[in-house]
Amino acid sequence: MEILKTVKEVQDKIASLRSQGKSIGFVPTMGTLHEGHLSLVKQCIVDNDVCVVSIFVNPTQFNNKEDLIKYPRNLERDGKFLETVGVDVIFAPTEEEIYPEPDTRQFDFGQIDKVMEGVYRPGHFNGVAQVVSRLFDIVKPDKAYFGEKDFQQLAIIRVMVKQLNLPVQIVPMPIVREQSGLALSSRNERLTPPQKELAVNISKTLFESREWAQSLSVRDTIKKVIDTINSFDGLEVEYYEIADGYTLQSVEDWNESGYIVGCVVVYCGEVRLIDNIVYKA
Ligand code: PAF
């Protein structure tokens with residue numbers, strides 16, 4: 001496994017692999033890797049001749065400076081983890097490598113980034129699009145892997161790839177959960193053991209809500225999910241939306257779409273946790 005730090009090193013490596021006819025798979029990450037990332041990496045290794053993983057905590061996608069400062073960083077541990085799995089190349093650039101000049105590009109994703117995370121984290125998806133398009137340009141992958149935990153991010157990356165006409169196939173991967181049901185996230189590292197137990201009630205409520213949806217309206221299901229999660233001391237819902245799985249626009253009625261997803265953000269103490277559940281697929 002090679003750990004490359006500069007754009008030039010990666011471009012030279014990719015050019016040499018391409019000249020040998022190798023297919024390139026890519027998993028972009030912000031590090032502090034867990035089993036969720038591992039599922040993306042394993043699929044990437046199966047599907048492609050070469051698996052490239054980037055580790056870069058992208059400052060342009062953090063609308064909250066404090067969150068950026070507190071974001072966990074574990075490059076040494078991540079490197080060991082990826083080596084044991086059989087990753088070929090790690091790209092771990094500095095900020096100057098990715099943004100030699102400030103990135104002033106403004107993307108227009110229509111309505112899809114005007115809801116949920118787009119409302120609560122203004123500028124977040126513009127930053128994600130900046131870094132992912134830049135990384136795609138450097139790595140030039142055939143396939144790139146994204147987790148469904150960040151449901152809206154995945155939808156937006158798909159729109160971006162279409163808008164920019166990029167020759168990359170986006171491969172979605174299901175949420176990986178702890179045995180307790182808690183969705184794996186790098187942010188879970190910031191939870192204390194009692195908070196971790198508390199946070200289990202997020203996924204538990206989402207799973208239960210599938211039953212509630214059999215008899216309740218969309219509006220009442222939303223209310224019950226929010227009330228249930230908020231009833232746990234230490235959990236606070238930022239938003240819960242039930243939306244069309246493609247457009248991410250809210251639905252009023254269960255019959256409005258054939259693909260319906262519920263997306264939640266909950267603060268567990270100071271830690272912002274995200275999860276989702278599919279009601280109809
Ligand atoms: O999902 C993430 O970890 C990040 O948003 C991504 C896609 C690596 C871009 O920084």
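The chain is numbered in sequence order, starting from 1. In each ligand, atom 1 is the first atom listed, and ligand 1 is the first ligand listed. Because the structure is a prediction, the values reported are computed rather than measured. Side chains are part of it too, since the values below use all heavy atoms of this structure and drop only hydrogens, waters and symmetry mates.
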Point to revise | Distance filter under 4.0 Å to Val131 heavy atoms, resulting ligand 1 atoms | key: 9 (C), 10 (O)

Practice item. State, with a plain yes or no, whether a side-chain heavy atom of Asp142 is found less than 4.5 Å away from one of Val168. Key: no

**Study point:** Side-chain touch Arg210/Ile277, heavy atoms, less than 4.5 angstrom
**Key:** yes

Practice item. Could you tell me whether Ile157 approaches ligand 1 through its side chain, its backbone, both or neither, with non-hydrogen atoms closer than 4.0 Å? Key: neither

Exercise for review: For the pair Arg18 and Asp49, find out whether any cationic side-chain nitrogen is under 4.0 Å from an anionic carboxylate oxygen.
Suggested key: no

Check your understanding: Do any nitrogen or oxygen atoms of Thr29 come within less than 3.5 Å of a nitrogen or oxygen of ligand 1?
Key -> no

Review point. Is any N or O atom of Gln153, backbone or side chain, closer than 3.5 Å to an N or O atom of ligand 1?
Key: yes

Check your understanding: What residue and heavy atom of the protein are closest to atom 3 (O) of ligand 1, and at what distance?
Key -> Met30 CG, 3.7 Å

**Study point:** side-chain contact (heavy atoms from CB on, under 4.5 Å) evaluation trace for Asn48 with Tyr145
**Key:** CA-CA 11 Å; Asn48 303 276; Tyr145 297 76; 3.0 Å; yes

**Study point:** Check: Tyr246 ring centroid to Tyr259 ring centroid under 6.0 Å
**Key:** yes

Check your understanding: What about Tyr239 and Tyr120, are their ring centers closer than 6.0 Å?
Key -> yes

**Study point:** Shortest heavy-atom approach to atom 10 (O) of ligand 1 - which of His124, Gln61, Arg134, Gln130
**Key:** Gln61

Study note, to complete from the structure: Note: heavy atom closest to atom 8 (C) of ligand 1, options Ser186, Pro28, Ser54, belongs to Pro28

